[in-house]
Amino acid sequence: MNLRNIAVIAHVDHGKTTLTDRLLYQSGMFRAEDLDKLAGGQHGLIMDSGDLERERGITITAKNCAIKWTDPRDQKEYKINLIDTPGHADFGGEVERVLNMADGCLLVVDSFEGPMPQTRFVLSKALALGLKPIVVINKIDKASARPDAVVDEVFDLLVALDAPESALDFPIIYASGREGWGTLDRAKTVEGQRPKDLMDLFYTIVDKIPEPYAEGSSRGAAAGFKSRAEALANPLQIMVTAMLYSDYVGRIAVGRVTAGKIAPGMPVMMVTRNGEQFKQRVLEVEVFEALGRVKAQEVSAGDICAVIGLDHVEIGATITDQEDPRPMPPVSVDEPTVTMAFRVNDSPFAGRDGKFVTGRQVGERLIKELEKNVALRVDRVAGDDSWKVSGRGLMHLGVLIETMRREGYELSVGKPTVIMKQIDGVECEPVETLAVDCPEASQSDVMSLVLGRRGELRSMDAKAGTSGWIHMEFKVPSRALFGLRTLMLTTTRGEAVMYHNLLGYEPVRGEAPHRAAGVMIGGEGGAVTAYSLDRLYDRGDFFVKPTDEIYMGQIVGEHCKDNDLEINLVINKKLSNVRASGSDDAAKIKPMRQMSLEACLEYIESDEMVEITPNFIRMRKRHLTENERKRFDK
């Protein structure tokens with residue numbers, strides 16, 4: 001059977017997962033009714049199968065599936081291994097670790113937005129591995145589509161990334177992933193002439209993406225083999241790029257067979273990232289088929305497989321021949337840029353909600369996360385029940401916290417900070433490219449907001465194909481991005497769209513921006529009363545509502561001034577024999593301001609923490625009593 005390995009890469013919300021789902025529907029392997037049962041979430045997607053993915057409408061982890069497709073032109077059978085990847089910059093580590101399983105990539109680009117910051121990042125990683133790109137101009141049925149200009153922008157991006165000539169001669173598919181059609185002919189994108197399927201995309205994949213180790217392929221040359229026969233003749237090599245888990249067989253290693261063959265019962269050598277070697281025997285080998293896996297008697301070089309029965313499995317390890325072990329260099333992943341302190345929950349409400357509340361349990365869970373999350377770093381803080389956890393961005397760490405919360409963990413986390421580097425004796429901080437699309441009427445407000453956070457305007461022009469929209473690109477310190485999204489949406493009345501991606505490191509530019517407003521702190525513990533909220537109506541916005549349980553030192557609202565204010569929200573109205581007509585009915589209570597986990601992480605300052613439990617997310621002062629806060633502020 002002919003084999004093709006292809007990764008689907010793009011910027012967030014450009015339609016990767018939707019396109020992958022449509023390929024599954026049109027592969028001929030499934031009844032549409034069976035796939036409909038698997039779809040779910042905001043956009044009714046199959047490949048976004050995690051609860052968090054379906055709630056947020058984004059892809060968080062890379063996933064494999066395999067399509068068996070028969071070419072109607074010559075009745076040849078093909079197996080197409082598809083790898084769906086995340087598009088958000090914070091999950092770039094997922095993209096980096098799985099790209100070496102592919103021989104080509106589908107670069108999906110929105111027909112209106114064009115190449116965005118994450119498009120550049122994932123494309124640069126794909127080109128570094130020698131992957132052959134197929135450009136898919138998606139959402140072509142948009143009224144504001146500008147496909148010709150977007151194709152030129154993609155070509156300019158490839159030139160800027162020093163792509164080889166073979167990559168510059170890329171095939172172009174004009175498609176609508178949601179509607180399930182695509183064509184090579186630009187003239188057939190108009191209403192009435194559009195095809196009804198993605199057959200042109202299938203043809204392009206099998207015609208343009210080379211077989212693993214096809215002669216002359218750049219991907220084969222990058223792996224060090226001139227032909228498939230040469231790869232088969234070499235000792236076994238498999239780089240573990242993903243891990244699965246089963247309650248029955250434990251950890252399952254997933255990776256591409258770079259060289260040789262693997263079969264059940266075969267003796268192998270497991271070489272960890274640290275160079276430790278363990279002699280083991282394979283229990284079972286499985287290959288991907290449709291949305292699952294099936295047992296295989298043998299898997300040879302070029303295919304993607306799951307290996308069962310091995311200990312010491314970790315991402316970046318090499319499964320190799322026992323007699324002639326040849327470890328592969330570990331997956332290279334960009335360093336984290338944001339760090340945060342995780343610690344045991346020591347609030348007065350600790351232990352009420354969670355199943356796992358001790359330092360040992362939190363620490364074990366963080367160490368376990370390192371096995372599959374290659375972009376994460378965890379360091380124990382000496383002499384304290386806390387850990388320094390570093391990741392690629394606030395959403396990267398936020399997803400980890402939310403996952404732990406749903407698993408029953410209780411913990412507290414501190415304010416996120418960027419990771420500084422010493423370069424040639426100079427302290428440097430991470431700097432990012434920030435792209436903003438906004439209406440012309442909001443242009444000055446957006447510029448004032450970003451430039452006030454030490455940003456630099458790099459380019460500004462009218463958004464091509466639109467009327468009344470501006471596209472701006474800034475260079476801004478990563479520190480300045482904390483809390484920026486909320487302010488941006490407020491400033492532009494929810495109309496601005498912003499994306500950012502790591503650019504590099506530059507010398508530190510002054511102080512980080514701070515929250516302008518102070519907070520209101522609970523001075524007493526108990527149940528919040530409507531009477532208390534009414535008395536403090538004009539003092540600011542509240543994060544709690546009547547009957548909520550609070551404790552001393554909890555942050556219960558935002559003060560209207562720049563100083564912190566300790567208040568009492570548990571006072572009841574004194575009962576007496578005298579009642580003024582209608583006074584009880586006239587209580588004024590502001591609607592509670594709902595704060596998501598990411599919003600809380602962006603909101604807090606260095607002397608504050610976020611308390612996370614399975615049912616509640618609260619903000620609190622690090623030191624709960626006023627006397628403690630005064631003593632430590634000295």
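These figures come from a predicted structure and were not determined experimentally. The basis for the numbers below is simple: all heavy atoms, side chains too, and nothing from hydrogens, waters or symmetry mates.
- Side-chain contact between Leu23 and Val8 is absent, with no heavy-atom pair separated by less than 4.5 Å.
- Salt bridge Asp324/Arg326: present, at least one basic N to carboxylate O contact under 4.0 Å.
- Side-chain N or O atoms of Glu314 include none that pairs as donor or acceptor with a backbone N or O of Thr272 at under 3.5 Å.
- Taking the side chain as every heavy atom from C-beta outward, Leu366 and Met404 approach each other to under 4.5 Å.
- The two residues Ile83 and Met101 come nearest to each other via the heavy atoms CD1-CB, 3.8 Å.
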Stepwise side-chain contact (heavy atoms from CB on, under 4.5 Å) test for Arg256 and Asn100: CA-CA 8 Å; Arg256 171 183 169 132; Asn100 67 357; 5.9 Å; no
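- Here the CD1-CD1 distance, from Ile140 to Ile173, works out to 11.5 Å after rounding to the nearest 0.5 Å.
- Here the CG-CH2 distance, from Leu198 to Trp181, works out to 9.5 Å after rounding to the nearest 0.5 Å.
- Checked by atom type and distance alone, the side chain of Arg178 never pairs as donor or acceptor with a backbone atom of Thr18 at under 3.5 Å.
- Atoms CD and CG, from Glu410 and Asn615 in turn, are 9.5 Å apart once rounded to the nearest 0.5 Å.
- In this structure the side chain of Val344 never reaches within 4.5 angstrom of the side chain of Val357, judged on heavy atoms.
- Taking a cutoff of 4.0 Å between a charged side-chain nitrogen and a carboxylate oxygen, Lys368 and Glu364 do not qualify as a salt bridge.
- Remark: Gln297 CD is loosely packed, at most 12 non-hydrogen atoms of other residues, nucleotides or ligands lying under 6.0 Å away.
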For a side-chain contact (heavy atoms from CB on, under 4.5 Å) check, start with the C-alpha distance between Thr70 and Gln75, then their side-chain angles and the critical distance, and finish with the verdict. CA-CA 6 Å; Thr70 303; Gln75 300 307 308; 3.8 Å; yes
Run the side-chain contact (heavy atoms from CB on, under 4.5 Å) check on Val389 and Glu369 step by step: do they pass? CA-CA 11 Å; Val389 182; Glu369 184 69 18; over 6 Å; no
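- In this structure the side chain of Pro430 reaches within 4.5 angstrom of the side chain of Leu502, judged on heavy atoms.
- Within 6.0 Å of atom CZ in Arg377, more than 12 heavy atoms from other residues, nucleotides or ligands are found, so the atom counts as buried in its surroundings.
- Contact detail for Ser300 and Lys261: the closest heavy-atom pair is CB-CG, 3.9 Å.
- In summary, Lys208 and Asp169 do not engage in a salt bridge, as defined by a charged side-chain N under 4.0 Å from a carboxylate O.
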Report the C-alpha distance between Val254 and Phe288 in whole Å, list the side-chain angles of each, state the deciding distance to 0.1 Å, and finish with yes or no for side-chain contact (heavy atoms from CB on, under 4.5 Å). CA-CA 10 Å; Val254 177; Phe288 288 88; 3.8 Å; yes
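- What you find for Ile9 and Lys16 is that their closest heavy atoms are C-CD, 3.6 Å.
- The side-chain heavy atoms of Leu127 and Leu158, taken from C-beta on, include a pair separated by under 4.5 Å.
- The pair Glu77-Lys68 does not meet the salt-bridge criterion, since no charged nitrogen lies less than 4.0 angstrom from a carboxylate oxygen.
- Under the salt bridge (Lys or Arg N to Asp or Glu O under 4.0 Å) test applied with Lys295, the options Glu284, Glu289, Glu286 reduce to a single match, Glu284.
- Each of Ile252, Leu244, Val285, Val282 was compared with Ile308 under the side-chain contact (heavy atoms from CB on, under 4.5 Å) criterion, and only Ile252 meets it.
- In terms of modelled atom types and a separation under 3.5 Å, the side chain of Gln280 and the main chain of Asp311 share a donor-acceptor contact.
- At least one donor-acceptor pair under 3.5 Å links the side chain of Thr318 to the backbone N or O of Met328.
- Counting heavy atoms from C-beta on, the side chains of Val313 and Met270 come closer than 4.5 Å.
- No donor-acceptor pair under 3.5 Å is formed between the side chain of Asp321 and the backbone N or O of Pro235.
- One finds the CG atom of Leu597 at 4.5 Å from the CD1 atom of Ile617 (value rounded to the nearest 0.5 Å).
- Once rounded to the nearest 0.5 Å, the distance linking CG of Leu129 with SG of Cys105 reads 10.0 Å.
- Contact check for Arg281 versus Met266: no side-chain heavy atoms found under the 4.5 Å cut-off.
- When every heavy atom of Pro614 is checked against every heavy atom of Arg405, the shortest pair comes out as O-NH1, 2.9 Å.
- Using modelled atom types, no side-chain atom of Arg4 and backbone atom of Ile80 make a donor-acceptor pair closer than 3.5 Å.
- Relative orientation of the His11 and Tyr499 rings is perpendicular, given thresholds of 30° and 60° on the angle between their planes.
- Contact record, Gly391 with Leu376: CA-CD1, 4.4 Å, taken as the closest heavy-atom pair.
- By the 4.0 Å N-to-carboxylate-O rule, Lys139 lies too far from Glu113 to be salt-bridged with it.
- With a 4.5 Å cut-off on side-chain heavy atoms, Cys65 and Leu24 count as touching.
- Interatomic distance, CG of Leu106 versus CG of Leu19, reported as 6.5 Å (0.5 Å rounding).
- In this structure, the side chain of Asn138 does not engage the main chain of Val108 through any donor-acceptor pair within 3.5 Å.
- Across Leu99 and Ala126, no two heavy atoms sit closer than the pair CD1-N, 3.8 Å.
- The cationic atom of Arg365 (NZ for Lys, CZ for Arg) does not lie both less than 6.0 Å from the six-membered ring centre of Phe356 and within 45° of the ring axis.
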Would Ser478 and Thr337 satisfy side chain to side chain donor-acceptor pair (under 3.5 Å), going step by step from the backbone distance to the final call? CA-CA 8 Å; Ser478 295; Thr337 57; 5.4 Å; no
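- Asp303 and Asn81 are linked by a side-chain donor-acceptor pair at a separation below 3.5 angstrom, with hydrogens and angles left out of the test.
- Listed by chain and number, the residues in a side chain to side chain contact (heavy atoms under 4.5 Å, CB included) with Lys76 are Asn2, Asp74, Tyr78 (sequence neighbours excluded).
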